[in-house]
Amino acid sequence: MLDIKLIRENPDFVRKGLAAKKEKDRIGEILTLDEERRTLIFAVEELKAKKNQASAKIPQMKKAGEDASALLAEMKGVSDEVTSKDKRVSEIEEAINNILAYIPNLPHESVPVGMSAEENVEVRRWLPEGYKFEPDFKPLDHIQLGKKLNILDFERGAKVTGSGFPIYKGKGATLERALINFFLDMHINEHGYEEIFPPFLVNRDSMKGTGQIPKMEEDMYFIEKDGLYPIPTAEVPITNIYRDEVLAEKDLPVKYAGYSACFRREAGSYGKDSKGFLRVHQFNKVEMVKFVQPETSYDELEKLVKNAEDILQALQVPYRILMLCTGDLSFSAAKCYDIEVWSPAEQKWLEASSCSNFEGFQARRANIKFRKEENKKLEYIHTLNGSGLATSRLMVSLLENCQTPEGTIGIPKPLQKYTGFSIIG
RNA sequence: GGAGAGUUGGCAGAGUGGUUGAAUGCGGCGGUCUUGAAAACCGUUAAGGAUGUAAGUCCUUCCGGGGUUCGAAUCCCUGACUCUCCGCCA
């Protein structure tokens, strides 16, 4: 949610930011409604003041034995007017909020302006020593490997549930579990995060708080009977931990890391990169979430990306970091880095992590504040989050990169104590 | 699933129709005292909104929504959540 005051006072600045995000301009509409709202509030508050004065006077008159019936009758009329004007005010406010709820965050000034993913900027890349993008032998892709080694079963997953619900089997299941534990241990023991195991279903307020709803509603699963949403990422429950709360500045930054299964309908994206793990409806992810002071949020974003990179380096997985351009930024993000891992079989980069600074956008939606030490005032907090990491696409890269010419998989050293084996096949 | 109790300020807790934004205690902040600290004492202590350069003035808010009334923390309806007992259950 953007700050209505910012829109009121700096409409052109807001327009410019939204245009860079390819957003249609509804600022004029908001300004008109906002003007109407304030006029109305001025009138209704005058009436309410009158009413309050009468409410104080009536018992006095009664005590003094005077006749208050004329005043009573007058107030009846005032009351009715207040009711109808109040109703109109809340209608206008609802209209404003309805528009505001669909308006995305403004991009940070450091974000390159661009129309689409084509214009994202590669910031850096990291490759294991002596890494070759084209291996000496013809690599099998992750689906072939999964089948050959009997560790992944996409077909039966589709039978049991539907397409995009993979089954991990035997050492594949163990590897998946090992990855999750490895990620969590690293964030907790080395990066200073506190572990959270969140609920996998959340209510509507939580989905609104982090910005998935209303705009991305179509991409969310929904359990109608209970009004609950299976989470698309642990970002939702973890960020909403502090919804409608005030944190103490001395406790910041608050850093949480948590595993969750993630559920996404991926509506409208059928047929696009949909084979195997490339696009699934359920996957596993460890998410890092931070609550920080506004002044520090961009430093914290850089650290967040490094925390994710540490994992890939430990696993010797080739990756690159992209700074998303304005046109590719997600709804709530002010700035975002994607981390993409290399798939030798696909011969392309696959998104495995997304690290974003939301500034106060989610905090305003979710009403998360902190109290400044300095002047004891309340201020909206800045929230950030990043995958560290999602296993599915990483699994593609990992299996393909760790395969031997014989078609077996060598488990990276740091993972072995989690898997209990060093080779699959 | 059945029956009952509850939800008030940072916390604890009073308050059942009339200047109650709300007693009291604790905590927080400022001060007096003290070499310093503690204790004691005094004062202070919400958020959001409208308006204004500002000081200020006004409005709203006692879990959410609706209603009764000139007037609601207080009465009625409804929803959410919490707790207790019973049933079921990994």
Side-chain angles (χ1 to χ4, degrees), chain A residues 1-9 30-98 100-101 197-209 213 222-229 237 240-252 254 261 291 360-361 363-381:
Chain A
M1 183 105 70
L2 292 182
D3 188 352
I4 182 83
K5 275 189 226 146
L6 180 69
I7 297 176
R8 191 185 297 150
E9 286 158 20
I30 291 179
L31 289 175
T32 308
L33 286 166
D34 183 53
E35 191 57 44
E36 194 184 340
R37 170 178 172 270
R38 284 189 295 162
T39 310
L40 216 48
I41 281 180
F42 192 81
V44 80
E45 285 190 353
E46 216 162 14
L47 290 172
K48 280 179 180 170
K50 199 166 157 191
K51 200 172 123 179
N52 288 342
Q53 278 167 15
S55 296
K57 203 166 158 196
I58 287 168
Q60 283 176 354
M61 290 175 80
K62 284 195 173 169
K63 234 174 250 171
E66 296 170 40
D67 176 24
S69 57
L71 190 55
L72 253 54
E74 189 194 342
M75 284 308 117
K76 174 81 179 143
V78 173
S79 253
D80 289 347
E81 202 179 338
V82 165
T83 307
S84 74
K85 282 215 162 73
D86 259 346
K87 201 174 153 202
R88 181 73 194 126
V89 169
S90 50
E91 279 167 12
I92 291 171
E93 284 179 347
E94 207 187 316
I96 292 174
N97 287 333
N98 275 341
L100 232 39
F197 201 123
F200 291 2
L201 302 179
V202 297
N203 58 33
R204 191 170 174 85
D205 284 341
S206 293
M207 291 295 265
K208 278 187 184 167
I213 276 180
F222 180 51
I223 298 169
E224 198 161 6
K225 195 170 181 183
D226 300 287
L228 296 174
Y229 296 80
N240 277 283
I241 286 175
Y242 290 117
R243 174 154 49 80
D244 293 320
E245 291 199 35
V246 175
L247 304 187
E249 190 173 23
K250 67 173 164 53
D251 295 332
L252 302 181
V254 171
F291 302 85
F361 188 83
R364 270 187 298 274
R365 286 182 158 245
N367 189 28
I368 307 172
K369 297 179 180 170
F370 73 102
R371 194 176 293 278
K372 293 279 258 185
E373 290 285 338
E374 189 190 345
N375 54 13
K376 306 287 170 207
K377 292 284 180 205
L378 295 183
E379 210 177 294
Y380 285 110
I381 215 163

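Just so it is clear: chains get the letters A, B, ... in the order the sequence lines come, proteins before strands, and each one is counted from 1.
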Engineer: Nearest-Å distance, CG (Leu378(A)) to P (U45(B))?
Structural biologist: 16 Å
Engineer: Which value, in whole Å, describes the distance between the C1' atoms of nucleotides U57(B) and U68(B)?
Structural biologist: 32 Å
Engineer: Holding to side-chain contact (heavy atoms from CB on, under 4.5 Å), I want the full list of residues that pass it with Ile7(A), two or more places apart in sequence or in another chain.
Structural biologist: Leu2(A), Val14(A), Ile27(A), Ile30(A), Leu31(A), Leu100(A)
Engineer: If I take atom NZ from residue Lys48(A) and atom OG from residue Ser55(A), how far apart are they, to the nearest 0.5 angstrom?
Structural biologist: 12.5 Å
Engineer: Could you tell me which residues satisfy ring-ring contact (aromatic ring centres under 6.0 Å, His included) with Phe42(A), sequence neighbours excluded, listed by chain and number?
Structural biologist: none
Engineer: For Pro59(A) and Ile41(A), find the nucleotide of RNA chain B closest to each by heavy atoms; which residue's nucleotide sits nearer the 5' end?
Structural biologist: Pro59(A)
Engineer: Expressed in angstrom and rounded to an integer, what is the separation of Glu9(A) atom CD from U51(B) atom P?
Structural biologist: 11 Å
Engineer: If I pick the C1' atom on A22(B) and the same atom on U74(B), what distance separates them, to the nearest angstrom?
Structural biologist: 12 Å
Engineer: Identify all side-chain donor-acceptor contacts of residues 76-84 of chain A below 3.5 Å with residues at least two apart in sequence or on another chain.
Structural biologist:
unit_1: Glu81(A); atom_1: OE2; unit_2: Lys85(A); atom_2: NZ; d: 3.0
unit_1: Thr83(A); atom_1: OG1; unit_2: Ser79(A); atom_2: O; d: 2.8
unit_1: Ser84(A); atom_1: OG; unit_2: Glu81(A); atom_2: O; d: 3.1

Engineer: Check Lys51(A) against Met75(A) and note the closest heavy-atom contact, atom names and distance.
Structural biologist: CA-SD, 4.0 Å
Engineer: According to side-chain hydrogen bond (donor to acceptor under 3.5 Å, both in side chains), who are the partners of Tyr229(A), at least two apart in sequence or on a separate chain?
Structural biologist: Arg204(A), Glu217(A)
Engineer: Quote, to the nearest angstrom, the C1' distance that separates U61(B) from G21(B).
Structural biologist: 9 Å
Engineer: Going by the rule side-chain hydrogen bond (donor to acceptor under 3.5 Å, both in side chains), which residues pair with Thr39(A) if we only count those two or more places apart in sequence or in a different chain?
Structural biologist: none
Engineer: Go through the structure and list residues passing ring-ring contact (aromatic ring centres under 6.0 Å, His included) with Phe361(A), not counting sequence neighbours.
Structural biologist: Phe331(A)
Engineer: Provide the distance between the two C1' atoms, one in G71(B) and one in G18(B), to the nearest whole Å.
Structural biologist: 7 Å
Engineer: How many angstroms lie between NZ in Lys369(A) and NZ in Lys377(A), if you round to the nearest 0.5 Å?
Structural biologist: 12.0 Å
Engineer: For residues 90-97 of chain A, dump all side-chain donor-acceptor pairs below 3.5 Å to protein atoms at least two apart in sequence or in another chain.
Structural biologist:
unit_1: Ser90(A); atom_1: OG; unit_2: Asp86(A); atom_2: O; d: 3.2
unit_1: Ser90(A); atom_1: OG; unit_2: Lys87(A); atom_2: O; d: 3.0
unit_1: Glu91(A); atom_1: OE1; unit_2: Arg88(A); atom_2: NH1; d: 3.2
unit_1: Glu93(A); atom_1: OE2; unit_2: Arg37(A); atom_2: NE; d: 2.7
unit_1: Glu93(A); atom_1: OE2; unit_2: Arg37(A); atom_2: NH2; d: 3.2
unit_1: Asn97(A); atom_1: ND2; unit_2: Glu93(A); atom_2: O; d: 3.3

Engineer: What distance, rounded to whole Å, do you find between the two C1' atoms, one in G15(B) and one in G9(B)?
Structural biologist: 14 Å
Engineer: Find the runs of at least 3 consecutive base pairs, i with j, i+1 with j-1 and so on, that include RNA chain B, using Watson-Crick or G-U wobble geometry with both distances under 3.5 Å.
Structural biologist: B:1-7 with B:80-86, B:10-12 with B:24-26, B:27-32 with B:40-45, B:46-51 with B:56-61, B:63-67 with B:75-79
Engineer: Write down the distance separating the P atoms in G13(B) and G17(B), rounded off to the nearest Å.
Structural biologist: 24 Å
Engineer: Classify every nucleotide of nucleotides 58-81 of chain B by which part a protein heavy atom approaches to under 4.0 Å, writing B for the base, S for the sugar-phosphate alone and - for neither, in 5'-to-3' order.
Structural biologist: BBS---------BS----------
Engineer: Once you apply a heavy-atom cut-off of 4.0 Å, does Gln60(A) come out as touching a base, just sugar-phosphate, or nothing?
Structural biologist: base
Engineer: What pairs of nitrogen or oxygen atoms, one from the protein and one from nucleotides 9-12 of chain B, lie under 3.5 Å apart?
Structural biologist:
none

Engineer: Looking at residues at least two apart in the chain, or sitting in another chain, which of them share a side-chain contact (heavy atoms from CB on, under 4.5 Å) with Asp244(A)?
Structural biologist: Asn367(A)
Engineer: Distance check needed: A47(B) P versus Asn367(A) CG, whole Å only.
Structural biologist: 13 Å
Engineer: If you measure from the C1' atom in U60(B) to the same atom in A72(B), how many Å do you get, rounded?
Structural biologist: 15 Å
Engineer: Have a look at Lys377(A) and say if it touches a base, only the backbone sugar-phosphate, or nothing, with a 4.0 Å heavy-atom cut-off.
Structural biologist: nothing
Engineer: Any base atoms under 4.0 Å from Arg8(A), or only sugar-phosphate, or nothing? Heavy atoms, all strands.
Structural biologist: sugar-phosphate
Engineer: Between U20(B) and G31(B), how far apart are the two C1' atoms, rounded to whole Å?
Structural biologist: 30 Å
Engineer: For Glu35(A), what residues pass the side-chain hydrogen bond (donor to acceptor under 3.5 Å, both in side chains) criterion, not counting sequence neighbours?
Structural biologist: Arg38(A)
